[in-house]
Amino acid sequence: DYKITDGWIYNSLKKVIISPDDEYELTKKESKLLELLLSKKSVLTYEEIEMELWSNEYMSLNALRVLMKNFRKKLPKGYLKNIQSIGYKL
């Protein structure tokens with residue numbers, strides 16, 4: 001288990017985020033993304049996200065936006081930061 005912030009825990013075996021009020025199941029891409037963000041102390045670039053989550057497929061900007069929009073709903077408010085034109089970091 002990884003502590004995200006006070007009261008928030010990521011269970012990597014069950015692929016869920018546990019908050020004080022709820023439990024959020026993560027999709028395969030969301031869990032992989034969270035594990036990448038937790039393991040990297042700096043910014044996770046758009047290129048790294050595309051390479052790791054979409055492998056050899058094309059990642060459309062819309063697909064990334066939808067993933068991030070849904071992913072943010074499962075995280076503490078303000079926890080995931082967008083670094084304009086570069087990528088994301090926790």
Side-chain angles (χ1 to χ4, degrees):
D1 288 2
Y2 299 90
K3 180 182 176 185
I4 294 176
T5 188
D6 288 338
W8 291 72
I9 295 169
Y10 170 58
N11 182 314
S12 59
L13 295 176
K14 292 183 180 178
K15 307 292 186 204
V16 295
I17 292 176
I18 302 159
S19 76
D21 305 319
D22 212 342
E23 191 171 292
Y24 304 96
E25 281 188 43
L26 299 181
T27 65
K28 286 181 185 178
K29 279 189 167 81
E30 288 170 343
S31 61
K32 179 76 174 169
L33 177 62
L34 182 56
E35 289 168 14
L36 288 168
L37 287 162
L38 288 169
S39 69
K40 189 158 182 182
K41 300 297 177 208
S42 59
V43 177
L44 186 64
T45 67
Y46 296 126
E47 292 79 18
E48 290 169 317
I49 294 169
E50 183 174 17
M51 190 174 71
E52 294 291 334
L53 272 60
W54 273 266
S55 300
N56 295 326
E57 300 173 41
Y58 169 72
M59 176 190 76
S60 71
L61 193 53
N62 190 52
L64 179 63
R65 283 186 182 137
V66 170
L67 172 68
M68 291 305 182
K69 179 183 170 207
N70 293 329
F71 185 52
R72 281 182 198 270
K73 293 177 185 176
K74 301 173 183 180
L75 293 171
K77 189 170 179 74
Y79 187 67
L80 179 65
K81 293 173 181 57
N82 176 264
I83 309 304
Q84 192 172 2
S85 302
I86 299 172
Y88 293 88
K89 74 175 196 170
L90 298 179

Rounded to the nearest 0.5 Å, the NZ atom of Lys15 sits from the NZ atom of Lys28 at a distance of 10.5 Å
Salt-bridge test for Lys14 and Glu23: reply yes if a basic N is under 4.0 Å from a carboxylate O, no otherwise.
no
CG of Leu26 to NZ of Lys32, rounded to nearest 0.5 Å, is 14.0 Å
message = Tell me if a side-chain donor or acceptor on Lys40 pairs with a main-chain N or O of Leu37 at a distance below 3.5 Å.
response = no
Pro20 and Gly7 have their tightest heavy-atom pair at CD-O, 3.2 Å
In this structure, CG of Asp1 is separated from CG of Asn11 (nearest 0.5 Å) by 4.5 Å
Check whether any side-chain heavy atom of Arg72 lies under 4.5 Å from a side-chain heavy atom of Asn82, and answer yes or no. yes
Item checked: Contact check, side chains of Ile49 and Met59, non-hydrogen atoms, under 4.5 Å -> yes
Check your understanding: Out of curiosity, does Tyr88 fall in the hydrophobic cluster containing Leu90 (side-chain heavy atoms, cut-off under 4.5 Å, transitive links)?
Key -> yes
Does any N or O in the side chain of Thr5 come within less than 3.5 Å of the main-chain N or O of Trp8, such that one atom is a donor and the other an acceptor? no
- Task: Decide whether Leu38 and Tyr24 are clustered together by the hydrophobic rule: side chain heavy atoms of Ile, Leu, Val, Met, Phe, Trp, Tyr closer than 4.5 Å, transitively.
- Result: yes
From the list Lys74, Lys3, Glu35, side-chain hydrogen bond (donor to acceptor under 3.5 Å, both in side chains) with Tyr10 holds only for Glu35
d(Ser39 OG, Leu44 CG) to nearest 0.5 Å is 8.0 Å
Can you tell me if CD on Glu25 sees more than 12 non-hydrogen neighbours from other groups inside 6.0 Å?
no
| Among the clusters formed by ILVMFWY side chains lying less than 4.5 Å apart, do Tyr2 and Leu36 turn up in the same one? | yes
Does some side-chain heavy atom of Ile4 sit less than 4.5 Å from a side-chain heavy atom of Ile9? no
Do Ile17 and Leu34 touch side chain to side chain, with heavy atoms closer than 4.5 Å? yes
- For residues Leu64 and Glu50, determine if any side-chain heavy atom of one lies less than 4.5 Å from a side-chain heavy atom of the other. no
Closest non-hydrogen contact found for Leu80 with Phe71 is CD2-CD2, 3.8 Å
Rounded to the nearest 0.5 angstrom, the CD-CG distance for Glu30 and Leu53 is 10.0 Å
Here the gap from Met68 atom CE to Leu75 atom CG, rounded to the nearest 0.5 Å, amounts to 9.5 Å
Original post:
Has Tyr79 got more than 12 heavy atoms of other residues, nucleotides or ligands less than 6.0 Å from its OH?
Top reply: yes
Heavy-atom closest pair (Ala63 atom, Trp54 atom, distance to 0.1 Å) is CB-CZ2, 4.0 Å
Query raised in the report: Are the side chains of Thr27 and Asn70 in touch, meaning some heavy atoms are under 4.5 Å apart?
Result: no
